[in-house]
Amino acid sequence: MNEEEEYFADSRRQRAIDELADEFEGVWSRETIERFVAEAEEKLAGSRPGLNFLPLRAPAFARERLEALAQVEGAIDKTRPEVLFVCVRNAGRSQVAAALTHELSGGAVSVRSAGSAPADDIHQNVVEALGEIGVDIRHEFPKPLTDEVVRAADVVVTMGCGDACPVYPGKHYEDWEIADPAGQSIESVRAIRDEIHGRVENLIAELLVPGRSS
């Protein structure tokens, strides 16, 4: 990165920190926000294709962690049930499940996804298969699994890939045995998408039962 690129990246970073400071005013100090953004940049820096998008991705990842930690510590209220989908690469199944949960619940269920060894980008065949049904995930990206998002979740769903999550009392854990879309034909990815669609519908129905506490 040359001097001009560094200048624009730093300007963008400072604007993002300003926006996060406004959003979390009274919850997190600017120093805490700066630390989380710096940690996000460090965690995401290994993403080769995504490196050019680091000034955009790091603040979004930091925001997710800051919000989750604030929920865990009771600094902000949880008004919706929270689901976390996890697979190793966070580039296929967990992204499909998260996108469909948000879409099918109409935002009534809060959702996050993560991976223990996140990929550089979401699989293109996954982006295509979801786009076919009107679900646009081009702005999403694989994120590392962190302690805050597990602790903030009410339900943690692993996607049949052997990924391990920290276990906390009071959480509901599920494992969905679903084929990996990596390297699959678009026809196979459509079948995976549709299987996840059905499972997500059932999960949403359970989460949104009247009187069910998050």
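For reference, positions follow the sequence shown, starting with 1. These figures come from a predicted structure and were not determined experimentally.
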Just to verify, what does A60 make a side chain to side chain contact (heavy atoms under 4.5 Å, CB included) with, not counting sequence neighbours?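 Here the qualifying residues are F141.
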According to a hydrophobic-cluster definition based on side-chain heavy atoms being under 4.5 Å apart (Ile, Leu, Val, Met, Phe, Trp, Tyr only), do [X] and [Y] belong together?
X	Y	value
L130	L203	yes
L20	V72	no
F36	F61	no
V157	I192	yes
I122	I196	yes

State, to 0.1 Å, how close [X] and [Y] come at their nearest heavy-atom pair, and which atoms those are.
X	Y	value
A119	A91	CB-CB, 3.8 Å
S94	C87	OG-SG, 3.0 Å
V126	G92	CG2-CA, 3.9 Å
A97	V200	O-CG2, 3.9 Å
I204	T101	CD1-O, 3.8 Å
V189	A129	CG1-CB, 3.7 Å

Does [X] use its side chain to pair, donor to acceptor, with the backbone of [Y] at less than 3.5 Å?
X	Y	result
K171	A153	yes
D180	A182	yes
R89	A117	yes
N90	P118	no

Salt-bridge criterion met for [X] and [Y] (N-O under 4.0 Å):
X	Y	result
R35	E39	yes
D10	R13	yes
E34	R30	yes
R57	D121	yes
R63	E19	no
R151	D147	yes

Less than 4.5 Å apart, any side-chain heavy atom of [X] and any of [Y]?
X	Y	answer
V155	L84	no
L100	E201	no
L44	K143	no
M159	E177	no

Using side-chain contact (heavy atoms from CB on, under 4.5 Å) as the criterion, point out the one residue from H102, E82, E103, R80 that pairs with V111.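 When side-chain contact (heavy atoms from CB on, under 4.5 Å) is applied between V111 and each of H102, E82, E103, R80, only H102 qualifies.
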Taking it one step at a time, do E195 and H197 satisfy side chain to side chain donor-acceptor pair (under 3.5 Å)? CA-CA 5 Å; E195 179 183 354; H197 189 288; over 6 Å; no
Euclidean distance, [Y] [atom2] relative to [X] [atom1], rounded to 0.5 Å:
X	Y	atom1	atom2	answer
N202	L207	CG	CG	11.0 Å
I33	W28	CD1	CH2	9.5 Å
I76	E23	CD1	CD	8.5 Å
R190	N125	CZ	CG	10.5 Å
E174	E206	CD	CD	6.5 Å
Q71	S110	CD	OG	6.0 Å

State whether the number of non-hydrogen atoms from other residues, nucleotides or ligands found under 6.0 Å of E25 atom CD is greater than 12.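 For E25, atom CD is not crowded (no more than 12 foreign heavy atoms under 6.0 Å).
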CA sep, side-chain torsions, deciding dist, call: S116, V88, side chain to side chain contact (heavy atoms under 4.5 Å, CB included): CA-CA 5 Å; S116 57; V88 173; 3.9 Å; yes
Consider side-chain hydrogen bond (donor to acceptor under 3.5 Å, both in side chains). Of E67, E148, E64, which one does R112 pass it with?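 The passing option is E67.
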Can you list every ring pair (Phe, Tyr, Trp, His ring centres under 6.0 Å) pair that touches residues 66-90, not counting sequence neighbours?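 Applying ring pair (Phe, Tyr, Trp, His ring centres under 6.0 Å) to every pair that reaches into residues 66-90, excluding sequence neighbours, yields F85-W176.
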Before giving the answer on side chain to side chain contact (heavy atoms under 4.5 Å, CB included), spell out for V109 and L104 the whole-Å C-alpha distance, their side-chain angles and the decisive distance to 0.1 Å. CA-CA 9 Å; V109 175; L104 296 175; over 6 Å; no
